[in-house]
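Note sheet for the following structure.
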4 protein chains.
Amino acid sequence: MRSSNKEKQDQIRNERREQILDAAVKVFSRRGVVGTKMSMIANAAGISPGLLYHYFKSKDELFTTLVEWAMEQSHSTMMYAYQFSGSPIEKIRTLTELILCEGDSAYFMLIHQARTSDGVPESAKRLIKHHSMETYVDQLYPLFKEGQQVGDIAAGDPKELVYCYLSVISGLMLLATQEDEGQYKMKVDILLRMITGS
Amino acid sequence: MRSSNKEKQDQIRNERREQILDAAVKVFSRRGVVGTKMSMIANAAGISPGLLYHYFKSKDELFTTLVEWAMEQSHSTMMYAYQFSGSPIEKIRTLTELILCEGDSAYFMLIHQARTSDGVPESAKRLIKHHSMETYVDQLYPLFKEGQQVGDIAAGDPKELVYCYLSVISGLMLLATQEDEGQYKMKVDILLRMITGS
Amino acid sequence: MRSSNKEKQDQIRNERREQILDAAVKVFSRRGVVGTKMSMIANAAGISPGLLYHYFKSKDELFTTLVEWAMEQSHSTMMYAYQFSGSPIEKIRTLTELILCEGDSAYFMLIHQARTSDGVPESAKRLIKHHSMETYVDQLYPLFKEGQQVGDIAAGDPKELVYCYLSVISGLMLLATQEDEGQYKMKVDILLRMITGS
Amino acid sequence: MRSSNKEKQDQIRNERREQILDAAVKVFSRRGVVGTKMSMIANAAGISPGLLYHYFKSKDELFTTLVEWAMEQSHSTMMYAYQFSGSPIEKIRTLTELILCEGDSAYFMLIHQARTSDGVPESAKRLIKHHSMETYVDQLYPLFKEGQQVGDIAAGDPKELVYCYLSVISGLMLLATQEDEGQYKMKVDILLRMITGS
DNA sequence: CATGAATGAGTTTTCATTCAT
DNA sequence: TATGAATGAAAACTCATTCAT
């Protein structure tokens, strides 16, 4: 059948795309935009350099796509928090553990690079601009507010608290790229003192 | 006079070197090794590209020199802590403020890049290897220990505490590269709860 | 078919390599390692400069490959002598004419350059070191010995004779690079008096 | 006194020039025009690169001067032959030994390079053009002619004989640049058979 | 006269991208 | 689709030459 043939084609195409994107995050996140050669990505994805251009018009487009993807990813991660069970602080703890241990750091790295490095495509820059820390703060704000009302979280401007929390988390993600993740359980305990204040 | 002539030459040479190194940290820390073109550094230093090679054999050598320098720099910064007045926790607060606000973040950035990026000269990698977080932990360990004895710092394995503190600080330095430094005073307060536990 | 496709690719690749090597001997032998620009070779081979680097990692590697090749070539030439018909001295005459007239002088030139010039890659130097005149002497020794037994060749230490013969030949090859080859027939006659002693 | 002062100045200047020229032959003869950096010559002469330009306008001028010098030198050497004592063939033997053992090969090398390499200043090329092997042949012609009349030298066109002799000698000079001069005495014996025919 | 820092044009080398197969 | 050869523009690096001291 035509259609099933076409579907198969599409599926293959999508799989290839994923395959490339997967390879690309890894390489980009470790070497930066400029430091990454298309041939490296092709290599990592197990295809020829030429084929990359059947799926992505250019290095820039590939990177931009990746950043877009990474941003969605990180947002969903944040939103998970609300689905966890337990009190607000427990939710926050679970979220923290998830972020620090899960090892999606490549995404954060990518976003960070897009934000801080020069030599990044304008399109990626634009994407990032609309996606400041504020966005994340807004996402978590209700949770922290609730935590304060319950008395689990220290008093003070909740926005500031969230901002501080996110900064620390982000920083740690960046560091995490290379460290061997050890005793994070304890770390989370210590970390959370910052917001529980005890 | 011969000697004064020679001295002058030497002085010029040293000044140029500093001038180049200064320009180079800035550029490298923002763009990474690969993303940095020699011409950018030359530009930033206000000299011709060719002249760079009178002072440094190659991009790699320049970068390696810089990493070496950055490591010394960051150690001295840490050691400052012991010269501050006040109780241990006050010293730590001062150090924290110094680090976060002073804007030496370029150095940290550089070290981090050397540690985490591929495409970094082997010589730099080797330098970094002998210079893990442990070194810093050892530097601050006595201060934290003392703080615990005085009762200013929360109980628990002090090594772990220092490690946690340093990780957070390092992470923030990385982030700081680009952010507009705002209300850090408050942040430091919140941050320190992590180690004071109150 | 896969396989035929692959074979074709390989063939193209090999042809290109030869094409480049051919162009390179010519240029290198006339201009020396340093005097030769990659663009000249590319030009002579009718390809773009960039393509050279698909086939050879660097100028040095290209040169070294060439020297290796030249050494093999020159040895085979010597070994030809034994296949010629006639008495020993006739074989030597034929060999001499072959060498002097055939115009493989580019190879000799190359080897000579590798041996005598500075600014030649270490790898090439090493190759050459194991390939002194002695090697050639040993190759021709039996032929000369036989010639003496037959009475065609003058008495005396045959090694010395061979060495002398080879030196003269080598020297002439070097000169020959540029001269218009004229009446070599006579020259060979005169030349051979050196070893026939009459 | 003014004048003596000026003379001294001149003398120093000339000494410097010689010093530079001496250094330059050595380097040029081994590395070729393109392979030689002005800084190498300066180094070899023990002066600063800048100072070279007080004595020679450019690399090309320096090289050209050198070629001129080398040509004069080699001609005088040839002319020596006539001053030696003994029969023609003895004179030739002495000349041959002088040339082969004295180790002025750097000059020959230089001339050869000027003749055969590309990348040589036009001025040097022009000099060389008027200075072909013919010139040398003419110089030695009378000596060989006389030798034939005396019966020391084999019959045949003397021009051809001289040409052949000179070619061989020149070739050996080129080779000699690097070899450790060993038992040349014997070689000369063997060599001369070429022209004595016995 | 002497030095060596400084320049900039020219080379080598790299790599995103295209294209024939 | 898939490959990898081919191109060319851009970057790293070299070096003859100039120039301030």
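Here the structure is a predicted model, which means the values were calculated and not measured. Reminder, nothing fancy here: chain letters follow the sequence lines and each chain counts from 1.
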Whole-Å gap separating P (F:dT17) and CG (D:Leu62) = 10 Å
Distance (rounded to the nearest 0.5 Å) between A:Arg126 CZ and A:Thr64 OG1 = 8.5 Å
Does D:Phe28 reach the side chain of D:Met109, with side-chain heavy atoms less than 4.5 Å apart?
-> no
Pairing partner of F:dT17 (Watson-Crick or G-U wobble, both distances under 3.5 Å) | E:dA6
Is the phosphate of E:dC1, meaning OP1 or OP2, less than 4.0 Å from a side-chain N or O of D:Arg13?
-> yes
Could you tell me which non-hydrogen atom of D:Tyr55 sits nearest to which non-hydrogen atom of D:Arg16, and how far apart they are?
-> OH-CG, 3.3 Å
Please tell me if the side chains of B:Tyr107 and B:Trp69 come closer than 4.5 Å, counting only heavy atoms from C-beta onward.
-> yes
To the nearest angstrom, the CZ-C1' distance between C:Phe56 and E:dT12 comes to 16 Å
Between CD of C:Glu61 and P of E:dT12 the distance, given in whole Å, is 16 Å
Would you kindly give the CZ-to-P distance between A:Phe63 and E:dA16, to the nearest whole Å?
-> 14 Å
Between CG on residue A:Leu110 and NZ on residue A:Lys26, distance to nearest 0.5 Å | 13.0 Å
D:Leu52 or B:Arg16: which one's nearest nucleotide on DNA chain E is closer to the 5' end?
-> D:Leu52
When every non-hydrogen atom of A:Arg13 is compared with those of A:His54, the smallest separation belongs to NH2-O, 2.9 Å
Between C1' of E:dG10 and CE of C:Met40, the distance in whole Å = 12 Å
E:dA5 P sits how many Å from B:Ile47 CD1, rounded?
-> 12 Å
To the nearest angstrom, how far is C:Ile12 atom CD1 from E:dC19 atom P?
-> 18 Å
Name the pairs: protein N/O against N/O of nucleotides 14-16 of chain F, kept only if under 3.5 Å.
from, atom 1, to, atom 2, distance (Å)
F:dC15, OP1, D:Lys37, NZ, 3.4
F:dC15, OP2, D:Lys37, NZ, 2.6
F:dA16, OP1, D:Thr36, O, 3.3
F:dA16, OP1, D:Lys59, NZ, 3.0
F:dA16, OP2, D:Met38, N, 2.7

Please report the C-alpha distance between B:Arg31 and A:Val34 in whole Å, then the side-chain angles of each, then the deciding distance to 0.1 Å, and finally whether the side chain to side chain contact (heavy atoms under 4.5 Å, CB included) criterion is met.
-> CA-CA 9 Å; B:Arg31 313 192 59 120; A:Val34 201; 5.5 Å; no
Gap between atoms CG and P, on B:Asn43 and E:dG8 respectively (whole Å) | 12 Å
